[in-house]
Amino acid sequence: MADLLGYHRNTVMGWPKAGCPVVQEADVAANIAWVFDVADVVRWLRNKDVKEAVGKYATEDGETPEGISKAKKAKWAAIDQEIETKKNLRTIIPVKYVLDQISKDYADVRAVVAKIPDIIAANVEASLAAHVREIADKQVRNAMKSLQVKVVDDPLEYER
């Protein structure tokens, strides 16, 4: 979101304390990342900018000069349009969708991989089948422990 809206990551991380709407708060201990609805954040930023502009440029009678408010509205309309265009071009995807899809894929992989010990055991001599199944099952279970969806708060962590 910081890149999309042109802000530094630390600035974005401070927004929830300032009243920015949040879908899900981060919990480092539980490995849960922040989740924002970009459209809600843009509306919040727009309203915040308008209030600041009104306060900064308002005349003595509380009116805002027409040019200032039009410029702010135009800026936020352009950002709204950019976000909508990126959604339509599928260059941004909701985090929840990606996590749900990866979780589903991992479940499918686990189901197939879990059958491997039985398949191997069925193809070896009967006297060895139980022992081979046990060894293969242990190895498969150890390998599947690493097939977990891990959400990290630091986007740079995904690049590692």
Side-chain angles (χ1 to χ4, degrees), residues 1-53 69 71-124 129-160:
M1 186 166 52
D3 288 340
L4 178 66
L5 298 178
Y7 289 91
H8 189 275
R9 179 182 181 277
N10 292 342
T11 300
V12 172
M13 298 314 297
W15 288 347
K17 290 179 182 175
C20 179
V22 174
V23 173
Q24 173 182 287
E25 289 189 27
D27 183 345
V28 176
N31 209 16
I32 297 172
W34 284 99
V35 177
F36 296 93
D37 181 319
V38 177
D40 285 347
V41 172
V42 168
R43 278 189 286 278
W44 176 77
L45 286 169
R46 180 185 319 139
N47 291 337
K48 185 173 161 280
D49 269 358
V50 168
K51 285 178 187 174
E52 287 175 9
S69 59
K72 287 285 186 182
K73 286 178 184 177
K75 172 187 170 187
W76 288 109
I79 290 174
D80 282 344
Q81 186 59 47
E82 180 181 1
I83 291 169
E84 193 59 34
T85 300
K86 287 183 178 188
K87 283 182 183 177
N88 290 337
L89 293 173
R90 297 180 184 261
T91 58
I92 58 174
I93 302 170
V95 172
K96 183 180 180 338
Y97 173 81
V98 173
L99 292 176
D100 288 349
Q101 187 62 46
I102 291 171
S103 295
K104 180 190 171 300
D105 291 347
Y106 277 6
D108 292 346
V109 168
R110 281 191 200 98
V112 171
V113 171
K115 296 176 185 177
I116 291 174
D118 291 331
I119 294 168
I120 294 171
N123 288 289
V124 297
H131 183 65
V132 168
R133 179 182 290 118
E134 182 181 328
I135 293 170
D137 187 61
K138 181 178 178 183
Q139 294 303 314
V140 165
R141 288 183 188 280
N142 285 338
M144 287 196 304
K145 286 179 185 176
S146 66
L147 288 178
Q148 298 177 12
V149 177
K150 181 181 176 190
V151 179
V152 294
D153 191 34
D154 181 3
L156 297 177
E157 184 68 25
Y158 288 111
E159 296 175 9
R160 292 186 187 126

Contacts of E134 meeting side chain to side chain contact (heavy atoms under 4.5 Å, CB included) (sequence neighbours excluded), chain-then-number -> none
Smallest heavy-atom separation, A111 atom then K115 atom, equals O-CG, 3.5 Å
Residues at least two apart in sequence or cross-chain that pass side chain to side chain donor-acceptor pair (under 3.5 Å) with D27, listed by chain then number, are none
Interatomic spacing from CZ in R110 to CG in D105 - rounded to 0.5 Å: 11.0 Å
Can I get a per-line list of side-chain donor-acceptor pairs under 3.5 Å for residues 35-45, giving both atom names and the distance, sequence neighbours left out?
from, atom 1, to, atom 2, distance (Å)
D37, OD1, A39, N, 3.0
D37, OD1, D40, N, 3.3
D40, OD1, R43, NH2, 2.7
W44, NE1, G19, O, 3.3

Trace of the salt bridge (charged side-chain N to carboxylate O under 4.0 Å, His left out) decision for K104 with D100: CA-CA 6 Å; K104 180 190 171 300; D100 288 349; over 6 Å; no
Could you tell me which non-hydrogen atom of Q24 sits nearest to which non-hydrogen atom of I32, and how far apart they are? NE2-CG2, 2.7 Å
Can you name the side chain to side chain contact (heavy atoms under 4.5 Å, CB included) partners of K138, sequence neighbours left out? N142
Please list, chain by chain and in numerical order, all residues satisfying side chain to side chain donor-acceptor pair (under 3.5 Å) with Q81, sequence neighbours excluded. T85
Nearest 0.5 Å please: distance from the CE atom of M13 over to the OG1 atom of T11. 11.0 Å
Sequence neighbours excluded, which residues qualify as side chain to side chain contact (heavy atoms under 4.5 Å, CB included) partners of I116? V113, I120, V140
